[in-house]
There are 2 protein chains.
Amino acid sequence: MAFDALTDRDAPLNEAALAQLFTEARTRNAWTDRPVSEALLRKLYDLTKFGPTALNNTPARFVFVTSPEAKARLVPLMAEGNQAKTAQAPVTVIIGLDLDFPEHLPTLFPHMPGAKDWFADEAMRHESAFRNASLQGGYMILAARALGLDVGPMSGFDPAAVKAEFFPNSNVEPNFIMNIGYGTDENLFPRSPRLSFEDASQIL
Amino acid sequence: MAFDALTDRDAPLNEAALAQLFTEARTRNAWTDRPVSEALLRKLYDLTKFGPTALNNTPARFVFVTSPEAKARLVPLMAEGNQAKTAQAPVTVIIGLDLDFPEHLPTLFPHMPGAKDWFADEAMRHESAFRNASLQGGYMILAARALGLDVGPMSGFDPAAVKAEFFPNSNVEPNFIMNIGYGTDENLFPRSPRLSFEDASQIL
């Protein structure tokens, strides 16, 4: 579908879609046993990958933990309060950031053949990887909801242990970890307050 | 609308919505003069704010630069290649991260009254602010598209100068900057390649 050919390219999505993505979606802490197919995980990636990143650098890497064997490697590395739900969810994705992302820039950003060399500075490379892999994590959260899935993102885990267990022999580091599936209302927090527009924003 | 009461909570959005959000949306480098109302910016915040963050810490802060006077303060601080489009866009939002976010946790995460004290370590506080403000940046990108707006995110600017000009006397630092409006096809890059599922992901 050619987006620019849509007659309503500037129209908002309907309220049900905005509710599914934002206003009524909730972080889930318990999961039904309904499985998530490999085809759906591939579709999830195929939406996530189109979200914008700096120079199209797309530094996020995704390890979808689905088998009992792989879950058994991950669950003990989660914070105690995150273990039961991670064991229960049909899929848990480890979202990593690849510090070697500049190696892909000649392919990913062909407009500027020299872009790879802009990231020689290690601190700057880490900052760009962290920012853009986090953006991509946000895209995956909303892509999952757009596909009818629930998510439960978590930063409570042992990063060094997850790095050693799932990203040995690479420059990929874990960023955050997220359960994916079809959630239940069990252990659902009441919706927490949000900052008002005036507390978080200004218009100049 | 009660999300759990939706009969199709687990249904994907339709293809037109997925195209608007992900598959056909493009980073815009030129803008029509169609304005973006304050009401629409408030709606944009009211979607963005519901995206999940760690402990609901929502560290992103948003400065919507709309007036000629405010644009004149920002444009010279952008990288040269970002100046013309930033001057042209009806709105440019500076997305900052507030290192004082723990002060709001007693309000934002009432379930755990002690959560504020978990961020005494400065490096850990910065890491959480950076990760979660970036996630919120991702939510705002997709919320804007969900509202029929186009975006053009940028990390090419002078961070120290933007900090001094727009966030003096606070612990807010700029994260990235994004044009918002109704884009044109002028200066549109060809769609760049994306990493294959196999290059970026694995299923265990």
Side-chain angles (χ1 to χ4, degrees), chain A residues 1 3 6 10-13 15-19 21-25 27 38 41-42 45 47 49-52 54 56 58 61-67 70 107-109 111 130-131 134-135 137-139 141-143 146-148 153 155 176 182 189 192-195 197 200-204, chain B residues 1 3 6 10-13 15-19 21-25 27 38 41-42 45 47 49-52 54 56 58 61-67 70 107-109 111 130-131 134-135 137-139 141-143 146-148 153 155 176 182 189 192-195 197 200-204:
Chain A
M1 179 175 323
F3 183 55
L6 291 176
D10 61 350
L13 303 185
E15 286 297 318
L18 298 179
L21 292 169
F22 295 105
T23 57
E24 299 290 340
T27 289
E38 178 176 336
L41 295 180
R42 287 177 173 270
Y45 176 74
L47 295 178
K49 73 181 181 186
F50 282 119
N56 192 35
T58 55
R61 302 292 178 263
F62 305 99
V63 179
F64 295 98
V65 177
T66 66
S67 70
T107 306
L108 294 177
F109 204 66
H111 324 86
F130 191 24
R131 176 182 298 113
S134 299
L135 284 175
Y139 305 147
I141 286 169
L142 293 177
L147 292 174
S155 39
F176 69 99
Y182 298 93
F189 283 113
S192 295
R194 295 305 198 264
L195 296 175
F197 183 87
S201 303
Q202 49 182 312
I203 299 179
L204 297 180
Chain B
M1 180 174 325
F3 183 54
L6 291 177
D10 61 350
L13 302 186
E15 285 298 318
L18 298 179
L21 292 169
F22 295 104
T23 57
E24 298 289 339
T27 289
E38 178 177 334
L41 294 180
R42 286 177 173 269
Y45 176 73
L47 295 177
K49 72 181 182 186
F50 282 119
N56 191 36
T58 55
R61 301 292 177 264
F62 306 98
V63 179
F64 295 98
V65 177
T66 65
S67 69
T107 306
L108 293 176
F109 204 64
H111 323 85
F130 192 24
R131 175 182 298 116
S134 298
L135 284 174
Y139 305 147
I141 288 169
L142 293 177
L147 291 174
S155 39
F176 69 99
Y182 298 93
F189 283 112
S192 296
R194 295 305 196 266
L195 296 175
F197 184 87
S201 303
Q202 50 182 313
I203 299 178
L204 298 181

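Computed from a predicted structure; not experimentally measured. In what follows, every chain begins at residue 1, and chains take the letters A, B, ... in the order their sequences are listed.
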Pairs of heavy atoms under 4.5 Å with chain A: top-ranked of [options]:
options                              : value
B:Gly138, B:Ala54, B:Ala17, B:Gly137 : B:Gly138
B:Gln202, B:Lys49, B:Glu38, B:Arg61  : B:Gln202
B:Ala146, B:Ala143, B:Gly51, B:Ala70 : B:Ala146

Separation between CG of A:Asp10 and CG of B:Leu147, rounded to the nearest 0.5 Å = 11.5 Å

ask   = Under the 3.5 angstrom rule, does the side chain of B:Arg131 hit a backbone N or O of A:Ser134 as a donor-acceptor pair?
value = no

task = Using modelled atom types only, decide if a donor and an acceptor are shared between the side chain of A:Asn56 and the backbone of B:Arg194 within a distance under 3.5 Å.
result = no

ask   = Which of the residues A:Thr66, A:Thr58, A:Leu108 is involved in the greatest number of heavy-atom pairs with chain B at under 4.5 angstrom?
value = A:Leu108

Side chain / backbone / both / neither for A:Pro153 at chain B, heavy atoms under 4.5 Å = side chain

note = Honestly, the part of A:Thr27 sitting under 4.5 Å from a heavy atom of chain B is side chain

Heavy-atom closest pair, residues [X] and [Y]:
X        : Y        : answer
A:Tyr139 : B:Leu142 : CD2-CD1, 3.7 Å
B:Thr23  : A:Phe50  : CA-CD1, 3.9 Å
A:His111 : B:Ser192 : CE1-OG, 3.0 Å

Toward chain A, the part of B:Ile141 with a non-hydrogen atom under 4.5 Å = side chain

ask   = Between B:Ser155 and chain A, which part of the residue has a heavy atom less than 4.5 Å away: side chain, backbone, both or neither?
value = side chain

key: Non-hydrogen side-chain atoms of B:Phe64 and A:Ser201 separated by less than 4.5 Å   = yes

message = A:Leu135 vs B:Phe176, test: side chain to side chain contact (heavy atoms under 4.5 Å, CB included). Steps then yes/no.
response = CA-CA 11 Å; A:Leu135 284 175; B:Phe176 69 99; 3.9 Å; yes

query = Could you go step by step and tell me if A:Leu195 and B:Tyr45 meet the side chain to side chain contact (heavy atoms under 4.5 Å, CB included) rule?
reply = CA-CA 10 Å; A:Leu195 296 175; B:Tyr45 176 73; 3.5 Å; yes

